[in-house]
Amino acid sequence: MLFDTHTHLQFKVFEPIIDEIIKRAQKAGVQKLIAVGTNITSSQQAIDLAEEFQGVYASVGIHPHHVFEHFHSQIDMREHVGQIELMLQNPLVLAIGEVGMDKHPYQRTKYTDYEITQAFISIQEDIFSRQIKLAQKYRKSLIIHNRLADEETLKILQQNWSEFFENRSVFHFCEAKETLLKFAKEHKVFIGVDGDITFDDKKQDFIKQIPLEMLVVETDSPFVTPSPLRVQNAINEPANLIYIVETLSRIFKVSAKEIEDITYQNSKTLFNLY
Ligand SMILES: [Zn+2]
Ligand SMILES: [Zn+2]
């Protein structure tokens with residue numbers, strides 16, 4: 001049995017083929033999935049999917065990239081955090097996420113004036129902090145996004161950390177950074193492994209040194225299509241989790257079944273599912 005701990009199943013590309021995508025995932029052994037929100041709309045859509053499909057759960061939150069809405073449309077993002085709080089009442093919402101810090105200069109983005117400024121980083125930090133506090137208040141797990149901002153991410157985590165988050169948080173799509181791994185080991189944070197493990201040697205070397213007890217798997221679909229499907233430019237989907245498991249099996253020299261069992265158990269712990 002497999003657990004896709006991070007997919008954007010509610011994104012537009014999947015809409016016309018959602019039944020097929022879920023069927024293919026089940027056929028591949030993916031029993032449970034977390035549909036991860038990135039803003040108000042996609043968080044609500046994640047809940048809608050969780051209500052419709054067995055085995056699908058939701059995570060709600062404002063992704064740091066979308067914190068830019070604050071500048072782009074003069075929206076006070078703190079109000080959006082208030083709307084996220086309302087969604088946390090739903091028992092199918094298992095986590096807050098994806099939330100965190102992001103300094104990647106996105107070229108393809110709906111925000112035409114997108115720019116990483118100090119003011120933007122400050123608001124990202126504020127919105128991240130507020131959402132961490134919500135996770136603790138409502139006893140939800142935490143899905144942490146970091147891209148090129150590990151220093152800021154760790155700073156905000158340190159300021160808001162509580163023992164509650166031990167075994168209840170994940171560095172999703174974890175960058176190969178020793179500082180992140182050190183924090184993860186000290187504070188019992190799971191490490192999310194994605195499709196890039198199938199083609200990125202540096203990522204393989206990084207993951208190889210981490211105990212299996214710390215790993216969970218995720219597709220981050222529709223993004224990050226794993227090898228061998230990558231060459232066909234195929235959109236990624238939860239069924240492709242098997243390629244990540246196969247790669248882990250090869251680099252850890254244990255059976256795929258063992259990888260499945262351990263990561264499934266880890267995922268249940270992460271999302272407090274018993
Ligand atoms: Zn992310
Ligand atoms: Zn994501």
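Whatever order the structure lists ligands and atoms in, that order sets their numbers, starting from 1.
The nearest N/O/S atom of His8 to the Zn ion (ligand 2) is NE2.
One N or O on the side chain of His8 and one on the backbone of Val36 form a donor-acceptor pair closer than 3.5 Å. For the pair Ser59 (side chain) and Ala95 (backbone), a donor-acceptor distance under 3.5 Å is present.
One side chain, Asp4 or Thr219, offers a donor N or O that lies under 3.5 Å from an acceptor on the other. Using modelled atom types and a 3.5 Å distance limit, the side chains of His80 and Asn39 yield no donor-acceptor pair. Side chains of His66 and Tyr111: a donor-acceptor N/O pair is present below 3.5 angstrom, by distance only.
Each protein N, O or S atom less than 2.8 Å from the Zn ion (ligand 1) was counted, giving 3.
Classified by interplanar angle (parallel below 30°, tilted 30° to 60°, perpendicular above 60°), the ring pair Tyr114/His65 is tilted.
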